[in-house]
**Q** 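For reference, the structure I am asking about is given below.
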Amino acid sequence: MKPKHRIDHLAEAVGRFASLLFVVIVAITAYEVVMRYVFSAPTSWVHEITVFLAAAAFVAGGPAAHAGRAHIAITVVPDRLSPRSRARLRVLQDLLTLVFLGLLTHAAARQAEVSARDLETSGTALNLPTPVVLKALFTLACVVLFLQTVGHLRADLSALRAGRAPR
């Protein structure tokens, strides 16, 4: 098994940090419950902030899962293939993923650019520019996923040339 590339290690580290956002979400949600039901003083900011933090954590989770190829996969067909055929299939998957991520990155970047140019806001009571931040984060995640897939493709091509099963 080849060692992971730096981009995979970075994605995993960011994913671990982002997972801590769920602790923050629980804490501020508990704060909201106490404020609302104990003090009859609901907040106007908890919902928007928790949605923003959860979205940011989920966006960071994509590259973290991709780093370890821990995404959901249907393996009925690959499991029945020889190691060489499995390696060929993995290369094909990588190539198709690169096409998809290239198109997704382009579309995400266009949306992020429009959002930033117009300083898009949430439209809620707080009216924060969270759409700008989330669209930029999503675009960055797409770029990271693309770069990870390039690294995975290189590793899978190496496995194919060596005649061994992909990692």
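Fair warning: this is a prediction, and the values are worked out from it, not measured in the lab.
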**Q** Are there more than 12 heavy atoms of other residues, nucleotides or ligands under 6.0 Å from atom CZ of F22?
**A**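 Above 12, so yes.
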
**Q** What are the two closest heavy atoms between L126 and S44, and how far apart are they?
**A**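 Residues L126 and S44, closest heavy atoms: CG-O, 4.0 Å.
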
**Q** So, for A60 and V14, which heavy atoms are closest and what is the spacing to 0.1 Å?
**A**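 Between these two residues, the closest heavy atoms are CB-CG1, 4.1 Å.
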
**Q** Counting only N and O atoms by type, is there a donor-acceptor contact under 3.5 Å from the side chain of E32 to the main-chain atoms of T43?
**A**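 Looks like yes, one N/O pair under 3.5 Å.
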
**Q** Write down the atom of E12, the atom of A67, and the distance for their closest heavy-atom approach.
**A**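 Smallest heavy-atom distance, with atoms named: CG-CB, 3.6 Å.
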
**Q** State plainly whether one hydrophobic cluster holds both V150 and L140, where clusters connect Ile, Leu, Val, Met, Phe, Trp and Tyr through side-chain heavy atoms under 4.5 angstrom apart.
**A**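 No, because V150 and L140 fall into different hydrophobic clusters, even though each may have its own neighbours under 4.5 Å.
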
**Q** State yes or no: are the ring centers of H152 and H5 separated by less than 6.0 Å?
**A**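 Aromatic pair excluded; centres sit 6.0 Å or further apart.
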
**Q** Has T75 got a side-chain atom pairing as donor or acceptor with P78's backbone, closer than 3.5 angstrom?
**A**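 Absent.
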
**Q** Which pair of heavy atoms, one from A136 and one from A112, lies closest together, and at what distance?
**A**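 The answer is N-CB, 4.1 Å.
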
**Q** Give the cluster check for W45 versus Y37: same hydrophobic cluster or not, with ILVMFWY residues linked at side-chain heavy-atom distances below 4.5 Å.
**A**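 No, W45 and Y37 fall in different hydrophobic clusters.
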
**Q** Using atom types as modelled and distance alone, determine if a side-chain donor or acceptor of R84 lies under 3.5 Å from a backbone N or O of L160.
**A**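 Judged by distance alone, yes, a pair lies under 3.5 Å.
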
**Q** For a quick test of reading the model, state the closest non-hydrogen atom pair linking A56 to L21 and the distance between them.
**A**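 Between these two residues, the closest heavy atoms are CB-CD1, 4.3 Å.
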
**Q** Is a salt bridge present between R86 and D156, judged by a nitrogen-to-oxygen distance below 4.0 Å?
**A**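 No, R86 and D156 are not salt-bridged.
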
**Q** Treat each ILVMFWY residue as a node, draw an edge where side-chain heavy atoms are under 4.5 Å apart, and state whether V34 and V46 are in one component.
**A**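 Looking at the clustering, V46 is in the same group as V34.
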
**Q** What's the separation between atom CG in L89 and atom OG in S82, rounded to the nearest 0.5 Å?
**A**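 Going from the CG atom of L89 to the OG atom of S82 covers 10.5 Å.
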
**Q** Strictly distance-based, threshold 3.5 Å: is any side-chain N or O of S158 a donor or acceptor partner for the main-chain N or O of R154?
**A**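 No; zero donor-acceptor contacts below 3.5 Å.
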
**Q** Taking L10 as the starting point, is it possible to reach V59 by hopping between hydrophobic residues whose side chains are less than 4.5 Å apart?
**A**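 No, V59 does not connect to L10 through the hydrophobic network.
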
**Q** Determine, stepwise, if the pair D94 / T149 fulfils side-chain hydrogen bond (donor to acceptor under 3.5 Å, both in side chains).
**A** CA-CA 6 Å; D94 291 339; T149 304; over 6 Å; no

**Q** So which heavy atom on I25 is nearest to which on A54, and how close?
**A**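 It is CD1-N, 3.5 Å.
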
**Q** Just verifying a value: how many Å separate M35 CE and S40 OG, rounded to the nearest 0.5 Å?
**A**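 These two atoms lie 9.5 Å from each other.
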
**Q** With hydrophobic residues grouped by side-chain heavy-atom distances under 4.5 Å, do L153 and I7 end up in a single group?
**A**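 The answer is no; the residues belong to distinct hydrophobic clusters.
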
**Q** Taking H66's backbone N and O only, do any of them form a donor-acceptor pair with Q148's side chain (distance below 3.5 Å, no angle check)?
**A**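 A pair under 3.5 Å: no.
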
**Q** Find the distance between CD1 (I49) and NE2 (H47) and round it off to the nearest 0.5 Å.
**A**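 Going from CD1 on I49 over to NE2 on H47, the span is 11.0 Å.
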
**Q** Got V133 and F52 here, is their nearest side-chain heavy-atom distance under 4.5 Å?
**A**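 Yes, side chains in contact.
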
**Q** Between T139 and A108 (side chain of the first, backbone of the second, donor and acceptor by atom type, cut-off under 3.5 Å), is there such a pair?
**A**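 It does hold such a pair.
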
**Q** With a 4.0 Å cut-off on N to O distance, would you call E113 and K135 a salt bridge?
**A**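 Salt bridge between E113 and K135, a charged N being under 4.0 Å from a carboxylate O: no.
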
**Q** Just verifying a value: how many Å separate L53 CG and L20 CG, rounded to the nearest 0.5 Å?
**A**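 It is 11.5 Å, given to the nearest 0.5 Å.
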
**Q** Above 12 or not: heavy atoms from other molecules or residues under 6.0 Å from CZ of R110?
**A**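 Result for CZ/R110: open.
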
**Q** Would you say the side-chain atoms of T105 pair up with the backbone N or O of G102, donor to acceptor, closer than 3.5 Å?
**A**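 Flag not set: sc T105 to bb G102 has no pair under 3.5 Å.
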
**Q** Donor-acceptor check, side chain of S122 to backbone of L128, threshold 3.5 angstrom: yes or no?
**A**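 At least one qualifying donor-acceptor pair exists.
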
**Q** For the backbone of Q111 and the side chain of S115, can you confirm whether one donor and one acceptor N or O come within less than 3.5 Å of each other?
**A**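 No: the side chain of S115 does not pair with the backbone of Q111.
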
